Amino acid sequence: MRMSALFGRTLRETPADIDHPPLRLMLRAGLARLTPGAITWLPVGVRVLRRLETIVREELTHIGAQEIRFPLFRPLIALDLAPGSLAPALSTLECTDRSRRSLTFAPADPTIIASLATGEIASYRQLPVLLHQMHPAYCSDCRASWLRESLAWTVYTLNSSTSEREETGARVHTAIERIFRRCDIQLMSVEAGSIEGNGSAPRAYVAISGYGDTDLLICESCGYAAVQEAARTALGSAPGALPAGDTSDHPEEIATPDCATIADLARFCGIPESATAKAVFFDSPERGLIFAVIRGDREINLKKLCTAAGISTLTPARSEQINAIGAVAGYASPVGLQNRTPDRVLVVADPSVTAGSPLIAGANRHGYHLRNVIYGRDWRADLIADIALARAGDPCMNCSAPLRQTTGLTIGYATRSNVFTPDATFLDREGVTRPIAMASFGIYLERLILTIIEQHCDQAGIIWTPETAPFDVHLIRLGKHDATREAADALYDELIAAGIAVLYDDRDDTAGVKFNDADLIGVPLRLVISDRFLSDGLVEIKQRATGAITKTPRQEIIAEVRNTGLFS
RNA sequence: CGGGGCGUGGCGCAGCCUGGUAGCGCACAGCGUUUGGGACGCUGGGGUCGUGGGUUCGAAUCCCUCCGCCCCGACCA
C-alpha cells in the first residue's frame, strides 16, 4: 500500500477527551476513528482485524470447529429467551421495522443454535459439534460508548452429555489460549459466574489493564481470581462487632437526628459501620418490592440478589412502594414492618445480619434507630442468602488469604450453559431421546486489539507483533533523486511479488515525518532506501521492537527480511 | 437514571465573564528554499460558532429547550 494513496492519516493530536492511551494510539496511528458512539475502522485497522480473524479461524479450525453465520435481526416473537441465556456482557436491542414488527438485534442468540440443532442433529453419532461465527455485538451497559458496539467471535458446542461438554469446552479453552498466545498478550482466566449443576463456573478472559472496565478480586496466595460480582469468599457468617455496653434483652429506640445514611449513623453513635444493619429496596418484575438487609459496611451484589430471589432484573424501588409497607426511608429496617406479606414484599437477609451480634437498625420512624436488634428474636427474613458483594480484603474461598482488588479488560468468556433446550434433542446409543448440552465461548476483537496495543507499545507508538501487524514491512523512501525513487518503487514491487505485505511511504515528506509515522504505526520491520545509501547499494533495516539497525545490500533484502523471522 | 464538564473550519484550541466585522496553531492548495527524526518563507481556500426558540437595533457571547460527546456516581434508606 502506498501511503500517498492511503485513506486515513496519522494524527499528531487526538481528541482531548480521550483518556485511554491504547485508544489514543489506535486513533493516532490511523487504525480507526471515533464516530459518534462507536469505532469506525480505517484500512490499516481493518488489516489488523483481518490478521486476527486469520488467527482465530486457524485455531478454531484446528480444534474441529466449523464456521457458520447468523442473521443479525430476529422477530422478537421468535425469541423465547430464558433469563441469562444470552452471553454475558451482551444484551439485546429492540427496534421496529416498517410494518411495526418488533425486531431484536441478537446476532449471537443461542435459540438459533437450538433451532439449527433441532433440524440438523438427530443422533449421538453427529455429536459433539463445534460451530463458530464472527458477528457484530452490542453491549448496552458498557461504560465507554465506543466499546458498546464490537466485533465478537462466538463458539458454540453441542454435546451429548455434560461430560462431553466439559471435554469440548477444554478444547475450545485450548484454542482460545493459543489465540491469545499468538497475539502475545498476557491475560488471565477468571471466574465470572456461579457454578451451575455439575458443570464448571462461567469464566471470563481478562487482561490486566490500567484502563479496564471489569473489577477483579484475586488471591495471590492460591491463584483464585474472579470478577467482583462473581467472587466467592470464606466470609460466610462473620459476626458483626458488638456495640459496647449493649446488654439489654430487647431492642431499644434511640434518637438519631439527621442520620439518614449509614455513615451518618455510625459517626453519630460512635460505632463502626459494621455494627449497623442497612436496608436497601428494589423493585422487580417477578416479585415486586424486594427488601434487602445487609450489614452496614457491606454492599449488595445485585446479581447474587437476583439469583437468590429468582428474579431477572432489579431497579431502585419507588417511594410509594417503600411507604406502603410502613418503612421510612432513611430509617428503614425489617423490624416492625406493617402490611408485610410475602406477596407485598420479599425480605432477603445476608448472613452478615442474621448470624452476627446485635446491630443498630432503623426504627421505621423518622429520626430514630433501634439498637440491640437481634435476628430471630426481633425480626425474620423470608430468605437468607449470601447477597454481599465481595471486596478487597475478604478471605479467599479456597485459602482464606485476603483478596486483592484490581481492574481488567474483559476480552472473552466461556459459559457452559446448563440450559438444555427442550426441542434440541438426539437419540443416544440406546435409542433414548436426550437433550443436547450446549456451551458458548466468545472473544471481543476491539478489546483484543486494545490489549495488544497496551501490551505492545512505547512512547513513540505501537509495536506490532509479526502476526498481528497490519503490514510486514514499512518501506520508506528518503530523498528526491530519480534513481532513489526508481529503486524504491522497484523494491516495493519486488517485496510484494515475494508475498510480503508492504506499507510504502512514497510521500514527499521530510525524514522526521516519515520516521515518526513509522514508529507510530509500528510495523515490525522498517526499510529505508535513501540517496545517502543507495550509492553504496545499501538498504537500512530497522526492527521496531528492538531498534536494531542493519545495512544490507540491495540484492539481499528479501532474504534478509525473511531471516529476521519478523513476518508472518 | 443522577451529578459535573464540554460542543467555534478536518484536528487541537482562544474568543463568551463585560453583546458590536469569527481568530490562532496544525492539516490542506500553490510557488520557492529545504530534506536521516514531526523544516522555513510568501500566497491562498475552507466555519449557518451542535439544534430550536427568546431577549436585543445587534447574539459565538445573555436566557430557555432539545441533541450529542466525555468523566464520575449508580448502595440512599
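Protein chains get the first letters and strands the later ones, always in sequence-line order, with residue 1 at the start of each. As the structure is a prediction and not an experimental result, all values here were calculated from the model.
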Does [N] have a Watson-Crick or wobble mate here (both distances under 3.5 Å), and if so which one?
| N | value |
| --- | --- |
| B:C6 | B:G68 |
| B:C13 | B:G23 |
| B:C42 | B:G30 |
| B:C62 | B:G54 |
| B:G73 | B:C1 |
| B:G47 | none |

Requested in this report: Identify the two heavy atoms, one from A:R391 and one from A:D297, that lie closest to each other, and give their separation to 0.1 Å.
Outcome: NH1-O, 2.6 Å
Query raised in the report: What's the shortest heavy-atom distance between A:T484 and A:L478, and which atoms?
Result: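 Distance-wise, the nearest heavy atoms are CG2-O, 3.4 Å.
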Which side-chain N or O atoms in residues 210-218 of chain A pair as donor and acceptor under 3.5 Å with protein atoms at least two apart or in another chain?
{"unit_1": "A:D213", "atom_1": "OD2", "unit_2": "A:R447", "atom_2": "NH1", "d": "3.3"}
{"unit_1": "A:D213", "atom_1": "OD2", "unit_2": "A:R447", "atom_2": "NH2", "d": "2.9"}
{"unit_1": "A:T214", "atom_1": "OG1", "unit_2": "A:T410", "atom_2": "OG1", "d": "2.6"}

Write down the distance between [atom1] ([X]) and [atom2] ([N]), rounded to a whole number of angstrom.
| X | N | atom1 | atom2 | result |
| --- | --- | --- | --- | --- |
| A:Y211 | B:C71 | OH | C1' | 16 Å |
| A:L34 | B:C70 | CG | P | 7 Å |
| A:L23 | B:C69 | CG | P | 15 Å |
| A:L147 | B:C71 | CG | P | 10 Å |
| A:D213 | B:A74 | CG | P | 16 Å |
| A:L27 | B:C26 | CG | P | 22 Å |
| A:E13 | B:C13 | CD | P | 8 Å |

Requested in this report: For the residue pair A:H20 and A:W146, categorise the inter-ring angle as parallel (less than 30°), tilted (30 to 60°) or perpendicular (more than 60°).
Outcome: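 Answer is perpendicular, since the angle exceeds 60°.
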Requested in this report: List in chain and number order the residues that pass ring-ring contact (aromatic ring centres under 6.0 Å, His included) with A:F533, two or more places apart in sequence or in another chain; answer none if no residue qualifies.
Outcome: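 None.
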Query raised in the report: With sequence neighbours excluded, what pairs up with A:Y331 under the ring-ring contact (aromatic ring centres under 6.0 Å, His included) test?
Result: A:H366, A:H369
Between [N] and [M], how many Å separate the two [atom1] atoms, rounded to a whole number?
| N | M | atom1 | answer |
| --- | --- | --- | --- |
| B:G47 | B:C42 | P | 24 Å |
| B:C31 | B:G23 | P | 27 Å |
| B:G7 | B:U51 | C1' | 11 Å |
| B:A27 | B:G12 | C1' | 11 Å |
| B:U61 | B:G19 | P | 12 Å |
| B:G3 | B:U65 | P | 13 Å |
| B:G53 | B:G58 | P | 15 Å |
| B:C28 | B:C67 | C1' | 31 Å |

Query raised in the report: Is a salt bridge present between A:E13 and A:R28, judged by a nitrogen-to-oxygen distance below 4.0 Å?
Result: no
Query raised in the report: Is the shortest distance from a Lys or Arg side-chain nitrogen in A:E273 or A:K278 to a carboxylate oxygen in the other one below 4.0 Å?
Result: no
Query raised in the report: Is it the case that A:T552 and A:E560 place a side-chain donor and acceptor less than 3.5 Å from each other?
Result: no
Query raised in the report: For residues 255-296 of chain A, which residue pairs qualify under ring-ring contact (aromatic ring centres under 6.0 Å, His included), counting only residues two or more places apart or in two chains?
Result: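 For residues 255-296 of chain A, and leaving out neighbouring residues, the ring-ring contact (aromatic ring centres under 6.0 Å, His included) pairs sorted by first residue read A:F281-A:F291.
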Distances under 3.5 Å between protein N/O atoms and the N/O atoms of nucleotides 35-39 of chain B, please, pair by pair.
{"unit_1": "B:U35", "atom_1": "O4", "unit_2": "A:K480", "atom_2": "NZ", "d": "3.2"}
{"unit_1": "B:G36", "atom_1": "O6", "unit_2": "A:S530", "atom_2": "OG", "d": "2.4"}
{"unit_1": "B:G36", "atom_1": "N1", "unit_2": "A:E540", "atom_2": "OE1", "d": "3.0"}
{"unit_1": "B:G36", "atom_1": "N2", "unit_2": "A:E540", "atom_2": "OE1", "d": "2.5"}
{"unit_1": "B:G36", "atom_1": "N2", "unit_2": "A:E540", "atom_2": "OE2", "d": "2.8"}
{"unit_1": "B:G37", "atom_1": "O6", "unit_2": "A:R526", "atom_2": "NH1", "d": "2.8"}
{"unit_1": "B:G37", "atom_1": "O6", "unit_2": "A:R526", "atom_2": "NH2", "d": "3.4"}
{"unit_1": "B:G37", "atom_1": "O6", "unit_2": "A:K542", "atom_2": "NZ", "d": "3.1"}
{"unit_1": "B:G37", "atom_1": "N1", "unit_2": "A:D519", "atom_2": "OD2", "d": "2.9"}
{"unit_1": "B:G37", "atom_1": "N2", "unit_2": "A:N516", "atom_2": "OD1", "d": "3.3"}
{"unit_1": "B:G37", "atom_1": "N2", "unit_2": "A:D519", "atom_2": "OD2", "d": "2.2"}
{"unit_1": "B:G38", "atom_1": "O4'", "unit_2": "A:N516", "atom_2": "ND2", "d": "3.0"}
{"unit_1": "B:G38", "atom_1": "O2'", "unit_2": "A:R12", "atom_2": "NH1", "d": "2.8"}
{"unit_1": "B:G38", "atom_1": "O2'", "unit_2": "A:R12", "atom_2": "NH2", "d": "3.0"}
{"unit_1": "B:G38", "atom_1": "O6", "unit_2": "A:R28", "atom_2": "NH1", "d": "3.4"}
{"unit_1": "B:G38", "atom_1": "N1", "unit_2": "A:D517", "atom_2": "OD1", "d": "3.3"}
{"unit_1": "B:G38", "atom_1": "N2", "unit_2": "A:D517", "atom_2": "OD1", "d": "3.2"}
{"unit_1": "B:A39", "atom_1": "OP2", "unit_2": "A:T510", "atom_2": "OG1", "d": "3.4"}

Query raised in the report: Do other residues, nucleotides or ligands put more than 12 heavy atoms under 6.0 Å from the CG atom of A:D19?
Result: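 Atom CG in A:D19 is not crowded, with 12 or fewer foreign heavy atoms closer than 6.0 Å.
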Within the sub-3.5 Å range, which N or O atoms of nucleotides 75-77 of chain B have a protein N or O partner, and how far apart are they?
{"unit_1": "B:C75", "atom_1": "O2'", "unit_2": "A:E299", "atom_2": "OE2", "d": "2.9"}
{"unit_1": "B:C75", "atom_1": "O2", "unit_2": "A:I300", "atom_2": "N", "d": "3.4"}
{"unit_1": "B:C75", "atom_1": "N3", "unit_2": "A:I300", "atom_2": "N", "d": "2.8"}
{"unit_1": "B:C75", "atom_1": "N3", "unit_2": "A:I300", "atom_2": "O", "d": "2.9"}
{"unit_1": "B:C75", "atom_1": "N4", "unit_2": "A:I300", "atom_2": "O", "d": "2.0"}
{"unit_1": "B:A77", "atom_1": "OP1", "unit_2": "A:I262", "atom_2": "N", "d": "2.5"}
{"unit_1": "B:A77", "atom_1": "O3'", "unit_2": "A:A332", "atom_2": "N", "d": "3.1"}
{"unit_1": "B:A77", "atom_1": "O3'", "unit_2": "A:A332", "atom_2": "O", "d": "2.8"}
{"unit_1": "B:A77", "atom_1": "O2'", "unit_2": "A:V328", "atom_2": "O", "d": "3.1"}
{"unit_1": "B:A77", "atom_1": "O2'", "unit_2": "A:G330", "atom_2": "N", "d": "2.3"}
{"unit_1": "B:A77", "atom_1": "O2'", "unit_2": "A:Y331", "atom_2": "N", "d": "2.8"}
{"unit_1": "B:A77", "atom_1": "O2'", "unit_2": "A:A332", "atom_2": "N", "d": "2.7"}
{"unit_1": "B:A77", "atom_1": "N7", "unit_2": "A:A279", "atom_2": "O", "d": "3.1"}

